[in-house]
Amino acid sequence: MSCVVSTIPERCKRCYCCVRECPANAIQIQNGQAVVLSSRCVGCGNCLKVCTQNAKSVQDGIAALLARFAKGQGAERVACLAPSFPAAFPRIDPLRVVGALKALGFSRVVQVAFGADLVSAAYREHVKEHDGTVITTPCPAIVEYIEKYYPELIPNLAPIVSPMIAAGKVVRETYGQNATVAFIGPCVAKKLEVLDPAVAGVVDEALTFDELIDLFDARGIDPAVQPPMEFDPPDADLGQIYPVSGGLLKSAGIGSDVMDEEVVIVEGRQRCMNIINEIAHGKVNSKLIDILFCEGCINGPGITSPLNYYEKRESIINWVKSRRGQLDKQEWQDAMKRYAHLDLSRRYENRQVQERIPEEAEIQRILHAMGKREQGNQINCGACGYETCRELAIAVAQGIAEKEMCLQYTIDNLEKSHRELAEAQAQLIQTEKLASVGQLAAGVAHEINNPLGTIVLYSHLLLKQLQEADPAREDIQFVIAEAERCRTIVSSLLNFARQGKLDVARCSAGELVDAITAMLKKREEFHHIRIETQLAPDLPPLYIDPDQMKQVLLNLTMNACEAMPDGGTLRLGVDHGPSPREVTFTVSDTGVGISKENMSRLFTPFFTTKQVGKGTGLGLPIAYGIIKLHHGQISVHSDVGKGSTFTITLPSDLRDYPSGKQMSPRELAAALSPGQNTMHTVK
Ligand code: ADP
Ligand code: MG
C-alpha cells in the first residue's frame with residue numbers, strides 16, 4: 001500500500017523530528033533516511049508540520065483527479081469544499097474560491113458543511129441511545145489511530161460517517177451516482193479515509209488546500225480575481241463551524257459547558273494520545289469525547305496560511321455568521337428532511353499493528369553495543385526521537401531505527417575514528433620514515449663499508465711501516481679508532497635494515513639472562529651497578545632467536561647502565577604470561593628516567609640524548625625491530641628521576657609462526673612501525 005506521506009530523501013537532514021513527533025511510531029530510519037511506514041501511519045500529517053526541511057511530501061491527488069475528469073466525460077464534476085476553506089484563502093471573498101473551482105472545470109461546488117449538518121443530527125440521536133463513552137469520528141486520523149493501536153476502543157467509536165462521506169452521499173444522490181466527487185480540505189488523513197473499505201466509493205479523491213492552490217497556480221487561476229459564485233445546493237447551517245474547536249458539539253446542540261463533565265473536547269496530538277490511552281485504561285467517564293488530531297481542522301497539515309490560529313478561527317466564525325444571516329431556514333430544513341433517509345452509519349475494523357516485542361537479551365545486546373549497558377549511560381536525551389535509550393534499543397531490534405541515531409553513540413564513534421585516523425597517520429609517517437631509513441642504511445652499507453675497510457686496512461699497513469717512536473703513529477691509531485667507530489655505526493645500520501630473518505633455536509630464559517649478566521659484569525661501566533635477576537619458576541623452554549634476543553637485552557641493559565652514571569640497581573626479570581604461550585622480560589633501572597617529550601621519540605632511529613661519539617640512537621630501534629620479528633611487543637614506563645622499565649612480551653614458541661622468509665625493507669619498516677604495539681607511559 002502506498003503511503004499518504006513520504007520523505008524527499010535529498011532534503012532529509014536526520015534531525016529525527018518526525019520520529020519524535022509521530023504518534024504512531026511510523027517512521028523507520030533506513031541508512032539515516034526517514035521512511036514513512038504505511039502499515040503504521042495514521043495519516044495525521046504531523047510529520048509534515050514538524051519537518052523544518054520540508055522533506056515530507058503528500059501523496060499527489062491532482063494527477064488522479066485529472067485522470068478521472070478525462071474518463072468521466074459527461075458526468076458531473078463535483079468539488080466538496082471543506083468548511084475550513086476561508087482560512088486557506090485569507091482576505092479573499094470566499095465565494096470567489098467557488099468561482100475559481102468552476103474555472104478549474106468543476107461543474108458543481110458543494111459544501112461539506114451540509115454533510116456535517118446531517119452528521120450532527122445523527123450524533124444527537126446516537127448520544128441519547130448509547131451507554132458508555134462515545135468517541136467522535138469526523139477526524140480520520142483518530143479513527144485510524146484507534147483501529148491500529150487501540151482496537152479495544154472500536155465499540156466506543158461513534159458508528160457515524162464523517163461529514164465528508166455524508167456530503168459525498170448527498171452529492172451522489174443529487175448529481176448522479178456516476179459523478180466524479182473530489183473532497184478538498186485541510187486534511188491528509190482524508191486520503192486514507194476515501195480508500196477505507198467501510199466508506200470507499202463515495203468520494204473519489206481527497207485533495208488538500210495546498211494541492212488546490214498548486215493546481216490554481218498551474219492553470220493560471222487567481223481566486224482573488226475570479227467572479228464570486230454561489231455554492232450549489234444544498235446550503236449548510238451550523239455544520240460550517242465544524243473546523244473550529246467544539247464545532248461538532250455546537251452544531252449538534254450538545255452542551256460543552258465547562259461545568260458539564262459529560263462532554264470533553266480534545267485537540268492536538270499529545271492530548272489525543274493521552275486521552276485515548278486513559279479511555280483504554282477505563283479512567284475516563286465522560287459521555288462524549290469530541291476529538292480532533294489537529295488543533296481544529298483549521299490547523300490541518302494541508303493548509304498553508306499566513307494566518308495564525310486565532311485569525312483562522314476568526315475568519316471561519318465571521319464567515320459562518322455572515323452565511324447564517326442569509327440562510328433560508330425553511331429550505332435548509334426541507335433539505336435535511338430530504339436527505340434524512342441516507343444511511344450515515346459505518347463500521348470499523350480491527351487493524352491492530354502487530355509489533356514484535358524483542359527479547360530482553362536482545363535489547364541488552366543493543367544497549368551494550370551503543371555503550372549504554374549501565375543505567376548511568378542511558379541518558380534518555382531524546383535526540384534520537386525516542387523518549388528513552390531503551391525505546392530506541394527496542395526500535396533497533398524491530399528494524400525501524402538505527403544505532404547511529406543515538407547522538408552520544410555517534411559522537412563517541414566519531415571521536416574514536418578521529419583518534420584512529422590520527423594514530424594511523426602518525427603510524428604512516430613513522431613507517432615512511434623507517435622505510436627510508438632502511439633504504440638509506442642499505443645504501444650507506446654498500447657505499448661506506450668498503451671504503452671504511454680500505455681505510456682501516458691501509459692505516460694498519462701504514463702503522464706497520466712506521467718506527468716505534470714515530471710521532472705519527474698516534475695519529476694513525478686515532479684514524480683507525482675513528483674508522484672502527486664508523487664501522488660499528490654502519491653495522492648497526494645494517495642490522496636495522498637487514499634483520500629480516502630469525503634463527504629460531506631452543507634456549508632457556510635462564511641461559512639468556514646468565515649470558516647477559518656475565519657479559520655485563522665484565523664491562524667496567526657496570527662495576528658501580530648492582531645487578532639483580534629474577535626468574536619465575538617453571539618457565540617454558542623458549543624457541544626464539546637467542547643471539548638476537550641477547551642483542552635486545554644488551555641494548556636495553558646498556559641504556560639502563562648509561563642512565564645510572566652515579567650507580568644504581570639494574571633488574572632483569574623473566575615471568576610467565578600475560579597469556580599462556582607468552583613470556584615477559586623486564587629491564588628496569590633506578591636511573592634518570594625519560595622525559596615526556598623524549599618518550600614519543602624513543603625507538604626512532606638516531607634519536608639520542610647522549611654525547612656525540614657516545615650514542616648512536618640505534619639501540620632501541622634495533623631492539624624494537626627484533627621484538628617485532630619475534631611477534632612481540634615492547635613498552636616503556638618511566639618516572640623522571642626515579643628510573644625506567646622496559647617490558648617485552650614474546651611468544652615463547654616461534655615455531656607456531658610462519659618464519660624464515662626474508663622481509664623486504666618496506667615490510668620490515670611496517671613491522672618496525674611503532675605506535676601499533678608500542679606503549680609508552682611516563683609519569
Ligand atoms: P643511544 O643509547 O645510542 O642514545 P638508544 O636507541 O639505545 O640510543 O636510546 C635512545 C635514547 O633513549 C637514549 O639516548 C636515552 O635518551 C633514552 N633511553 C633509552 N633507555 C633509557 C633508560 N633506561 N633510561 C633513560 N633514558 C633512556
Ligand atoms: Mg643505547
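In this text, all values refer to a predicted model and were calculated from it rather than measured experimentally. By convention here, the first residue in the shown sequence is residue 1. In listed order, ligands and their atoms are each counted from 1.
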For this session: Determine, for Phe607 and Arg601, whether the Lys NZ or Arg CZ falls below 6.0 Å from the six-membered ring centre while staying within 45 degrees of the axis.
Result: no

Problem set entry | Gln551 versus Asn555, side-chain donor and acceptor atoms under 3.5 Å | yes

Problem set entry | Pair Ser417, Glu420: side-chain N/O donor-acceptor within cut-off below 3.5 Å | no

List ligand 1's nitrogen or oxygen atoms that come under 3.5 Å of a protein nitrogen or oxygen, with the partner atom and distance.
from     : atom 1 : to     : atom 2 : distance (Å)
ligand 1 : 2 (O)  : Asn559 : OD1    : 2.9
ligand 1 : 2 (O)  : Lys610 : NZ     : 2.6
ligand 1 : 3 (O)  : Thr616 : N      : 2.9
ligand 1 : 3 (O)  : Gly617 : N      : 2.9
ligand 1 : 4 (O)  : Thr608 : OG1    : 2.5
ligand 1 : 6 (O)  : Gly619 : N      : 3.3
ligand 1 : 6 (O)  : Leu620 : N      : 2.8
ligand 1 : 7 (O)  : Asn559 : OD1    : 3.0
ligand 1 : 7 (O)  : Asn559 : ND2    : 2.7
ligand 1 : 7 (O)  : Leu620 : N      : 3.4
ligand 1 : 8 (O)  : Gly617 : N      : 3.4
ligand 1 : 14 (O) : Thr608 : OG1    : 3.4
ligand 1 : 14 (O) : Thr609 : N      : 2.9
ligand 1 : 14 (O) : Thr609 : OG1    : 3.2
ligand 1 : 16 (O) : Thr609 : OG1    : 2.5
ligand 1 : 20 (N) : Asn559 : ND2    : 3.4
ligand 1 : 23 (N) : Asp589 : OD2    : 2.8

Problem set entry | Sequence-distant partners of Thr52, side chain to side chain donor-acceptor pair (under 3.5 Å), two or more places apart | none

Problem set entry | Inter-residue atom distance Ile594.CD1 - His637.NE2, 0.5 Å rounding | 10.5 Å

Seminar exercise, completed: Protein-derived N, O or S atoms sitting under 2.8 Å away from the Mg ion (ligand 2) total 1

Could you list the donor-acceptor pairs under 3.5 angstrom formed between side-chain atoms of residues 467-480 and any protein atom two or more places apart in sequence or on another chain?
from   : atom 1 : to     : atom 2 : distance (Å)
Asp470 : OD1    : Ala472 : N      : 2.8
Arg473 : NH1    : Leu463 : O      : 3.0
Arg473 : NH1    : Leu466 : O      : 3.2

Exercise. Does the side chain of Val513 come within less than 4.5 Å of Val574's, by heavy atoms?
Worked result: yes

Exercise. Would a distance-only check, ignoring hydrogens and angles, find a side-chain to backbone donor-acceptor pair under 3.5 Å from Ser652 to Pro540?
Worked result: no

Problem set entry | Member of Glu362, His368, Glu360 meeting the side-chain hydrogen bond (donor to acceptor under 3.5 Å, both in side chains) criterion with Gln364 | Glu360

